[in-house]
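Owing to the predicted nature of the structure, the values given are computational and were not obtained by experimental measurement. Below, chain A is the first sequence line, B the second, and so on; all start at residue 1.
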Amino acid sequence: MSPLKRVRFTFLDRLIKEPVIYRMSHDFNVITNIRRADVQEGVGWVILELEGEILEIERSLEWVRSIGVRVDPTLGDLVEP
Amino acid sequence: MANIAALRCKECSREYPVGAFNVCDFCFGPLEVVYDLEAIAQVTSRDKITSGPLSLWRYADFLPADYNAQIDINAGFTPLIRSSGLAKKLGLDELWIKNDSVNPSYSFKDRVVAVATAKALELGFETIACASTGNLACSVAAHASRAGIKAYVFIPSDLEKGKVLGAAIYNPTMVAIDGSYDDVNRLCSELADQYPWAFVNINVRPFYADGSKTLGYEVAEQLGWRAPEHAVAPSASGAMFTKIYQGLKEFEQVGIIGNVHTKMHCAQARGCSPIATAYEEGRLVIRPVKPATIAKSLGIGNPADGYYALKTIEASNGSAVIAEENEVADGIKLLAETEGIFTEGAGGVAIAGLKRLVERGTIKKNESTVVYITGNGLKTTEIVEDVVNPIHIDATVTAFEESLGLKA
Ligand SMILES: Cc1ncc(COP(=O)(O)O)c(C=O)c1O
Ligand SMILES: [Zn+2]
């Protein structure tokens, strides 16, 4: 089985309307599997699982970041003060 | 402990057996412990609690792990002090200070780590671990020493020396990681998947978090079996804040106290305020931020329980408040000068937040209020270095009297 990675995307403002996840799976060799999402006025998030080669997942996340979407671990910060 | 039924996903409510899991396989939501409150109501009572140990284990009926002397360094049952000087200064009739800075490793983290460590042993773990920049590392290392088990503590390599010492003294295996904060986060999630260790705030997080419920129980008991009208607490991940309220509500549900009308107020510092900012903007969605605050123990930019903290504010009719960065040190000094309690940055945020809540009229003069002081000032002395300003004189009475304008 290919590696899996869980991530949380946060979208602000105009990015909410962009088909980011569609383009991600279309332009990269990555399968996207949405588990939970919430979109409100001006901000939204999606929690999803990505499946693919590690390098390809990293490349796709690079692209997602480059268009201004925030990428975080689904569980929040694991380093606690 | 017989009183815990299962783990349950906070989002989709699917149930899981009790074990070292913290995420729902289905929706990736966080898991929490489900209690059988009816069963607890059968066995608990004020008398039973009062005759229990002088530690958080007096509330063992409400905790997800059994008391275990092997891990016990006496976390909890810290003083609740009726404020006089600070109350007068703020114009409040009934202000109480929960001084949790005097826990064994000098922060409230001893509550969560005590419960996590007891549970880790029950589940068969022989090693506990965490990634931390401060208080959590100290507590994990201290509890492991007491328990005679191994501790792995991961820290970012650019941490100040003073922060590291409070953990290193207990001689855990300390690993300093070169790289960005995100790199440290990622590494820890990979390690937690691959090693048979109890990462206290990752795979045993549901149990860990519930240690903070005792901050609710304890205050209710110390107030003479009642809940305050307001509680003010500093937040990073939002877990403690959420659990204080859960603790008060559970006491209400089992009939240990009457109706709870406590308004919960969450305090954060300007440089890392994702929860308070979402509150101010009227959203339940957290926008993660890059932490840049002097109150380093509140520096969580992507708070795991941020959403639940916002729900707690909503459910309790509470609020959130932001302390400006320059108010943090002032808050620390104000508490020290009026009450004789020396807290760290998080406590400075709580005091500055309390002050603002009074100025706003959110907390009124005659309303009972508890402010949670969760960490000790001796760990963050650099924030208030400027107080050291002695009068330098020669060792003569004349020099002394001249410099102070005194005459015997
Ligand atoms: C002293 C102190 N107070 C408050 C907090 C916030 O706790 P939480 O992450 O549960 O919101 C922390 C740690 O994160 C802390 O070290
Ligand atoms: Zn779920």
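- Taking every heavy atom of both residues into account, B:Leu284 and A:Gln40 meet most closely at N-OE1, 3.9 Å.
- The neighbour count for B:Lys296 NZ, taken as heavy atoms of other residues, nucleotides or ligands under 6.0 Å away, does not exceed 12.
- Closest of all the heavy-atom pairs between B:Ile286 and A:Arg8 is O-NH2, 3.3 Å.
- Between the B:Arg186 side chain and the A:Pro73 main chain, no donor and acceptor come within less than 3.5 Å of each other.
- Ranked by heavy-atom pairs shorter than 4.5 Å toward chain A, the options B:Cys130, B:Pro30, B:Ser132, B:Ala304 are led by B:Ser132.
- Closest of all the heavy-atom pairs between A:Pro81 and B:Gly299 is CG-N, 4.0 Å.
- Counted within 6.0 Å of CG on A:Asn29, heavy atoms from surrounding residues, nucleotides or ligands total 12 or fewer; the atom is thus considered open.
- Closest approach of B:Asn185 and A:Val79 over heavy atoms only: OD1-N, 3.1 Å.
- In terms of heavy-atom proximity, B:Pro288 sits nearest to A:Asp72 at CG-OD2, 3.3 Å.
- Heavy-atom distances place the side chain of A:Leu12, and not its backbone, under 4.5 Å from chain B.
- Neither the backbone nor the side chain of B:Lys163 comes within contact range of chain A, judged by heavy atoms closer than 4.5 Å.
- Proximity to chain B (any heavy atom under 4.5 Å) is restricted, for A:Ile47, to the side chain, taken from C-beta onward.
- Proximity to chain A (any heavy atom under 4.5 Å) is restricted, for B:Ile202, to the side chain, taken from C-beta onward.
- In this structure, B:Asp182 CG and A:Asp77 CG are separated by 8.0 Å, a value rounded to the nearest 0.5 Å.
- Both the backbone and the side chain of B:Val184 come within contact range of chain A, judged by heavy atoms closer than 4.5 Å.
- Interatomic distance, CG of A:Leu78 versus CZ of B:Arg205, reported as 8.5 Å (0.5 Å rounding).
- With a 4.5 Å cut-off on non-hydrogen atoms, B:Glu281 does not touch chain A at all.
- Other residues, nucleotides and ligands contribute more than 12 heavy atoms inside 6.0 Å of the CZ atom of A:Arg65.
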Evaluate the side-chain contact (heavy atoms from CB on, under 4.5 Å) criterion for residues A:Glu49 and B:Phe28: first the C-alpha distance (whole Å), next the side-chain angles of each, then the deciding distance (0.1 Å), finally the verdict. CA-CA 9 Å; A:Glu49 190 164 53; B:Phe28 302 164; 3.5 Å; yes

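- Atom CZ of A:Phe28 has more than 12 heavy atoms from other residues, nucleotides or ligands within 6.0 Å.
- The structure places CD of A:Glu80 at 4.5 Å from CG of B:Asn201, a figure rounded to the nearest 0.5 Å.
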